[in-house]
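So the structure is just underneath, and the comments pick up after that.
Both backbone and side-chain heavy atoms feed into the values below; hydrogens, waters and symmetry mates do not. Letters go in sequence order (proteins before strands), and every chain restarts at 1.
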Amino acid sequence: MDNNFTIYNSLSRKKELFKPLHAPFVGMYVCGPTVYSHPHLGHARPAVTFDMLFRYLTYLEYKVRYVRNITDVGHLENDADEGEDKIEKKARLEHLEPMEVVQKYLNSFEKNMQDLNTLHPSIEPRASGHIIEQIELVKEILEKGYAYEVNGSVYFDVLKYSKKYDYGKLSGRVLEDLQANTRNLEGQDEKKNPFDFALWKKATPEHLMRWPSPWSVGFPGWHLECSAMSTKYLGDVFDIHGGGMDLLFPHHECEIAQSTAAKGKAPVRYWVHNNMITIDGQKMARSLGNFITLDQLFKGDHPLLQQAYTPMTIRFFLLQAHYRSTVDFSNEALQAAEKGLQKLMKAGETLKKLKPSLTSTADIPALWENCHEAMDDDLNSPILLSHLFEGVKYINSANDGTEELTAADIESLKKLFNAFVFDILGLRDEASAGNDEKLTDDLMEIIINLRQDAKNKKEWGTSDKIRDELKSAGIILKDLKDGADWSKE
RNA sequence: GGUCGGUUUACCGAGUGGCUAGGUAGCGGUCUGCAAAACCGUUUACGGCGGUUCGAAUCCGCCACCGACCUCCA
């Protein structure tokens, strides 16, 4: 299976030609959410990015197994909560079972992912369902001599590991620097070195989520689940591991160390990281008051939002930026995206009604070529969109009669739209989605005919009234040379 | 403090040496009873200072500013 698909590998810091280990099969693991609160804007970025990657690999006819974990055992907090488990903290506040909290926010996540039109991963394993695998992995690392037990907790021995392997190769960290810069945190006294990390932690008495293990009743360290689950479902070595750039260190670095220590080889061939988002140029944080959940965004229910933005507007907006760039959310930018998306979708509708000519004045094969090139170049969705808008121009011009397209080219354009707009970018026409289209079409035809009668009699008051009232019902009427066209707002 | 990344026209956002993406907004025009849409044309650029080069937004150096990570996080 030949392709020209290149992807930026964080490990080599270069774009590399993508060659799967066992073509046509591709294994892809992406760090999923910790389900302890409603999904927010930040969750949308990796979801859309890796959905697009999944979709493109599938388009290239690879058989992809896409695994995205659900972290539901909670991670330790190091702030004022003194290491209290996040999920437990929330559970006490809301007087719910920890798993009840998990379920609630998991449902919320699943719903938002559907809103954004992301495809389900092949497997969505939960950390709580893989405690045994995690314990086995800790045993393996202990057997290989890269971990040590202290008071029922097990820590990874980074210094020993670094004598044989390269700790820091992904994030560019140097061990000496880490040693010099690591803060003094609570509960670090058990470790040999401050940069060691927990594989298993003994539970304190108030810790609710706990499982038996050979070392103590406790819980797994926070890097362990990804190593255990990726190995279980994708093998010791697999093709792609994705996640946000913020996870590069320490999370992914530790994953590499854990798997390498256990299996003797690096687990991942291509590390892919999406960049972060900002809001009006600032990092999103609760303390800055610009923390926006996806539901708030879809409903316009936040002081910073001038209006609601549909899931597809968000998706389109994210795709207008390259996944490795930061992307800045603002009302102005989102409104621009909304208009752009409408233009694209409208052209898709116009395409269906286009009348063929005997010759073509546009080069559709070149357009295909350009679209492929854009995606092959490290998923350059903004460039792809710019080419698609070239297609939009052809379509609208052909509709206006200033450009000509043969029946074959029109057919080719339809295929191109289906492939790139819908299958690969995963956009969805929200306006035309749904309900009783036939009936609506018939009704609109009647109304338009009545209005035409009024216009023929030059009863402009009547014709304008019809148009205005349709507008207040959310229907836009446009007069053409002969007849009229309509669309939903 | 350390490591890494960024600073592009009104806004968003591509672009790694010459060919000035794209979307949105603005302006002018075509069309039109009016309006909208569409189409055509068009305005405002590459943080600062130096260097390399016939030629730099693009390469190098310094400075300024912004951000990420180093600590739970997408």
### Message
So, does Ser386(A) get its side chain near the phosphate of G13(B), meaning an N or O under 4.0 Å from OP1 or OP2?
### Response
no
### Centroid-centroid distance, His223(A) to Phe197(A), less than 6.0 Å
yes
### Message
What's Gly340(A) touching, base or sugar-phosphate or nothing? Going by heavy atoms closer than 4.0 Å.
### Response
sugar-phosphate
### Message
Nearest to the Ile476(A) side chain among C72(B), A36(B), A14(B), which nucleotide is it?
### Response
A36(B)
### Query
Is it true that Asp378(A) and Lys15(A) make a salt bridge, defined as a side-chain N closer than 4.0 Å to a carboxylate O?
no
### Query
When all nucleic acid strands are considered with a 4.0 Å heavy-atom cut-off, which category describes Asp328(A): base, sugar-phosphate, or nothing?
sugar-phosphate
### Query
Is there a donor in the side chain of Thr71(A) and an acceptor in the side chain of Glu225(A), or the other way round, less than 3.5 Å apart?
yes
### Message
Over all strands shown, is Ser330(A) touching base, sugar-phosphate only, or nothing at heavy-atom distances under 4.0 angstrom?
### Response
nothing
### Query
Is any side-chain N or O of Lys346(A) closer than 4.0 Å to OP1 or OP2 of A38(B)?
no
### Query
Between the main-chain N or O of Thr49(A) and the side-chain N or O of Asn274(A), is there a donor-acceptor pair closer than 3.5 Å?
no
### Message
Side chain of Ser397(A), heavy atoms from C-beta onward: which of C73(B), C39(B), C12(B) has the nearest atom to it?
### Response
C39(B)
### Task
Using the P atom on both, measure A64(B) against U71(B) and round to a whole Å.
27 Å
### Task
Tell me whether Trp460(A) is stacked on the nucleobase of G33(B), counting only the six-membered base ring and applying the 5.5 Å and 30° thresholds.
yes
### Message
Over all strands shown, is Lys458(A) touching base, sugar-phosphate only, or nothing at heavy-atom distances under 4.0 angstrom?
### Response
nothing
### Query
Considering heavy-atom distances to RNA chain B, does Val327(A) or Glu390(A) have its closest nucleotide positioned more toward the 5' end?
Val327(A)
### Query
Which listed nucleotide (C12(B), G13(B), A21(B)) is nearest to the side chain of Ala321(A)?
G13(B)
### Query
Looking only at side-chain N and O atoms, does Lys343(A) come under 4.0 Å of OP1 or OP2 in U24(B)?
yes
### Task
Tell me which of Gln320(A) and Asn396(A) sits closer to the 5' end of RNA chain B, going by the nucleotide each one is nearest to.
Gln320(A)
### Query
Which part of the nucleic acid, if any, lies within reach of Lys478(A) when heavy atoms closer than 4.0 Å are counted: base, sugar-phosphate only, or nothing?
base
### Message
Ring centres under 6.0 Å, that's the criterion: do Tyr56(A) and Phe5(A) meet it?
### Response
yes
### Query
How far does the P atom of C59(B) sit from the matching atom of U16(B), given to the nearest Å?
9 Å
### Query
What does Phe316(A) touch in the nucleic acid at a heavy-atom separation under 4.0 angstrom: a base, only the sugar-phosphate, or nothing?
nothing
### Query
How would you label the contact of Leu247(A) with the nucleic acid (heavy atoms, under 4.0 Å): base, sugar-phosphate, or nothing?
sugar-phosphate
### Message
If the cut-off is 4.0 Å, is Ser325(A) near the phosphate of A14(B), judged by side-chain N/O to OP1 or OP2?
### Response
yes
### Message
Between Lys111(A) and Asp115(A), does any side-chain N to carboxylate O distance fall below 4.0 Å?
### Response
yes
### Message
What I want to check is whether an N or O donor and acceptor connect the side chain of Asp400(A) with the base of C31(B) at under 3.5 Å.
### Response
no
### Query
How is Arg324(A) classified with respect to the nucleic acid when contacts are heavy atoms under 4.0 Å: base, sugar-phosphate, or nothing?
nothing
### Query
Hey, does the side chain of Asn380(A) come within less than 4.0 Å of G15(B)'s phosphate (OP1/OP2), counting only N and O?
yes
### Query
What integer number of Å spans the P atoms of G15(B) and U53(B)?
29 Å
### Query
Within the pair Asn274(A) and A74(B), is there a side-chain N or O less than 4.0 Å away from OP1 or OP2?
no
### Task
Look at the side-chain N and O atoms of His322(A) and state whether any lies under 4.0 Å from the OP1 or OP2 oxygen of A14(B).
no
